[in-house]
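I have placed the structure first, in the form of structure tokens, so that the comments after it can refer back to it.
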2 protein chains.
Amino acid sequence: MALRHAVLAALLGNELSGYQLARLFDVNISNYWHALPQQLYTELTKLESAGFVVGREVVQRGRPNKRVYTLTEAGTAEMSAFIAGPSKPSAIRDDLLVKMQAAEAGDTERLIEQLEDRAAEAKGKIEQFERRLSRARGELDEDTFLIQSPWVGPYLVGLRGKAFEQEALDWCNRSADVLRARLQDTATASTSPTWKDR
Amino acid sequence: MALRHAVLAALLGNELSGYQLARLFDVNISNYWHALPQQLYTELTKLESAGFVVGREVVQRGRPNKRVYTLTEAGTAEMSAFIAGPSKPSAIRDDLLVKMQAAEAGDTERLIEQLEDRAAEAKGKIEQFERRLSRARGELDEDTFLIQSPWVGPYLVGLRGKAFEQEALDWCNRSADVLRARLQDTATASTSPTWKDR
DNA sequence: CAGACCATGTAAAACGTTACATGATTCG
DNA sequence: CGAATCATGTAACGTTTTACATGGTCTG
């Protein structure tokens, strides 16, 4: 009763196959809901037998055929009920933060490496978000777009995704700087033992 | 193999009971790892039989006795190995963002309410973080603290928690404003049907 | 012709949530 | 005297992850 609504939300206004949905979850939706392709295929099957979506076969040449899904009225109603209902507190899990919490127990240089990798990833995602948001706005500036566009939900969600990644980037940079400065200090202290020994 | 490391990280340097751990996870750690008390009790039992922590009984008067846990060397080694190993991509799940993505399908006023509730919650958390960070720093300013303090991990994690909540607050306010402005527009449009009908 | 992309699933194992269960003390 | 806090668990159920499984086309 959980992934269900994330899938329905993605399908609202888009006719998508399991594969397309999986890519969406990977690049876009993963910023607020994470799911693996296998889950999506089984979830779509369940949603179809529950009557919330309908699938139709699309025959392709040069590629495997695919089955694309659309929301039914029951699906839209389900989404509407979900929106009106209570929200569960948002859950996060981030290995990097667990590692940072326990930083003293591990190899600092290795942790800095991981912060740098994550910073690079965040940079890439920010650029992706910027491109997607800019494409959505078209010619309009953001405020005008947000008042005039008929669909504003996905754009606002995109803004949050971008801000989240920006925050991750800043934090990784700051933290890596701090850890590097502390390594410097330790190194200086231990390479000048003459001073300490006196 | 997942909650395990979040618990070990919390126990690093602190001797805690299941109950104390549960409160920590509720107020502090939930910003990067979410877990319910039941999970923590069972996890502590598992960690003890795995040899990563040791518990000892503390007899109290006026309160139920409790069992407090400390990391063993094997536990610290496990943590060190975890830090050196690969990190899983961070997972988020947030009902509010799912609802925003599907905003067109639901009651906008109800969604605005939920954004406001969440904003208020975020405000409270930010203040909590500020108090805790300031207590940790003591007299020192942040930069000095981050170079001099022997333990810097939990502080950096706290900075991230605070930034995350700040970002949530800003986004909720911005989004609620946008949705309200759009409601205004629709109301204006539908209360002047004469103009539309001509 | 190897590797990436398109396309879809099943099964078992691990993990997380909800419900159930209990009981003493302190505060208003 | 009711509610909150302290304190710890078990069992059933639902969800997610990992591993297994397959096969065609397109690009360099």
Side-chain angles (χ1 to χ4, degrees), chain A residues 1-8 15-27 29-30 32-50 53 55-69 85-95 98, chain B residues 1-8 15-27 29-30 32-50 53 55-69 85-95 98:
Chain A
M1 303 275 197
L3 172 61
R4 158 164 302 186
H5 298 112
V7 171
L8 292 176
E15 191 180 40
L16 297 171
S17 68
Y19 188 82
Q20 292 174 299
L21 199 52
R23 274 188 315 175
L24 254 188
F25 265 75
D26 196 39
V27 299
I29 293 170
S30 65
Y32 62 92
W33 205 278
H34 164 84
L36 299 164
Q38 299 97 303
Q39 263 179 288
L40 299 173
Y41 286 114
T42 48
E43 192 63 40
L44 285 170
T45 311
K46 280 195 249 170
L47 284 170
E48 186 162 26
S49 47
V53 304
R56 73 182 171 88
E57 205 70 23
V58 174
V59 179
Q60 300 181 111
R61 36 183 184 129
R63 302 180 172 194
N65 295 345
K66 62 183 176 181
R67 190 168 178 80
V68 292
Y69 296 88
S87 300
K88 290 196 193 159
S90 65
I92 306 181
R93 16 204 77 177
D94 192 333
D95 277 4
V98 177
Chain B
M1 305 278 198
L3 172 61
R4 156 163 302 186
H5 298 112
V7 171
L8 292 175
E15 192 180 40
L16 297 171
S17 68
Y19 188 80
Q20 292 175 298
L21 200 52
R23 275 189 315 175
L24 253 187
F25 267 74
D26 196 38
V27 299
I29 293 169
S30 63
Y32 65 91
W33 205 278
H34 164 84
L36 299 165
Q38 299 98 304
Q39 261 179 291
L40 299 173
Y41 286 114
T42 47
E43 192 63 41
L44 284 169
T45 311
K46 278 195 249 168
L47 284 170
E48 186 162 25
S49 48
V53 303
R56 74 184 170 88
E57 206 70 24
V58 174
V59 180
Q60 299 181 111
R61 34 180 188 133
R63 305 182 170 192
N65 294 345
K66 62 182 177 183
R67 189 170 178 79
V68 292
Y69 296 87
S87 301
K88 290 193 195 164
S90 64
I92 306 181
R93 19 203 76 178
D94 192 332
D95 278 3
V98 177

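So that the names make sense, note that chain A is the first sequence line, chain B the second, and so on, each numbered from 1.
Atom-to-atom distance recorded for B:K66:NZ and B:S17:OG is 5.0 Å, nearest 0.5 angstrom. Atom OG of B:S90 and atom CG of A:D94 lie 4.5 Å apart (nearest 0.5 Å).
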Show each protein N/O and nucleotides 8-13 of chain D N/O combination with a separation under 3.5 Å, one pair to a line.
unit_1	atom_1	unit_2	atom_2	d
D:dT8	OP1	B:R67	N	2.9
D:dT8	OP2	B:Y19	N	3.0
D:dT8	OP2	B:Y41	OH	3.2

I'd like a table of atom pairs between the protein and nucleotides 21-27 of chain C - only N or O on both sides, under 3.5 Å - with the distance next to each one.
unit_1	atom_1	unit_2	atom_2	d
C:dT25	O3'	B:G62	O	2.9

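Rounded to whole Å, the distance from CD on A:E43 to C1' on D:dT15 is 10 Å. In this structure, CG of A:D26 is placed 13 Å from P of D:dT17, rounded to the nearest angstrom. Separating the CG atom of B:L16 from the C1' atom of D:dC6 is a distance of 15 Å, rounded to the nearest angstrom. C:dG16 atom C1' lies 12 Å from atom CH2 of B:W33, rounded to whole Å. Atom CG of B:L24 is separated from atom P of D:dA7 by 14 Å (rounded to the nearest Å). The CZ-P distance, from A:R56 to C:dT8, rounds to 13 Å in whole Å. Rounded to whole angstrom, the span from the CG atom of A:L47 across to the C1' atom of C:dT8 amounts to 16 Å. Straight-line distance from the CG atom of A:L36 to the C1' atom of C:dT10: 15 Å, rounded to whole Å.
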For A:Y41 and A:L21, run side chain to side chain contact (heavy atoms under 4.5 Å, CB included): C-alpha distance rounded to whole Å, both residues' side-chain angles, the deciding distance at 0.1 Å, then the answer. CA-CA 9 Å; A:Y41 286 114; A:L21 199 52; over 6 Å; no

Apply the test side chain to side chain contact (heavy atoms under 4.5 Å, CB included) to residues B:R93 and A:K88: give CA-CA distance (whole Å), side-chain angles for both, the deciding distance (0.1 Å), then the verdict. CA-CA 9 Å; B:R93 19 203 76 178; A:K88 290 196 193 159; over 6 Å; no

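At the phosphate of D:dT17, OP1 or OP2 sits under 4.0 Å from a side-chain N or O atom of A:Q39. For B:K88 and C:dC15, the shortest distance from a side-chain N or O to OP1 or OP2 is not below 4.0 Å.
Pairing each heavy atom of B:Q60 with each of B:N65, the nearest pair is N-OD1, 2.9 Å. Nearest heavy-atom pair, B:E43 versus B:V7, reported as atom, atom and distance to 0.1 Å: CG-CG2, 4.1 Å.
For B:Q60 and B:A91, each mapped to the nucleotide of DNA chain D holding its nearest heavy atom, the one lying further toward the 5' end belongs to B:Q60.
The shortest side-chain heavy-atom distance between A:L8 and B:V98 does not fall under the 4.5 Å cut-off.
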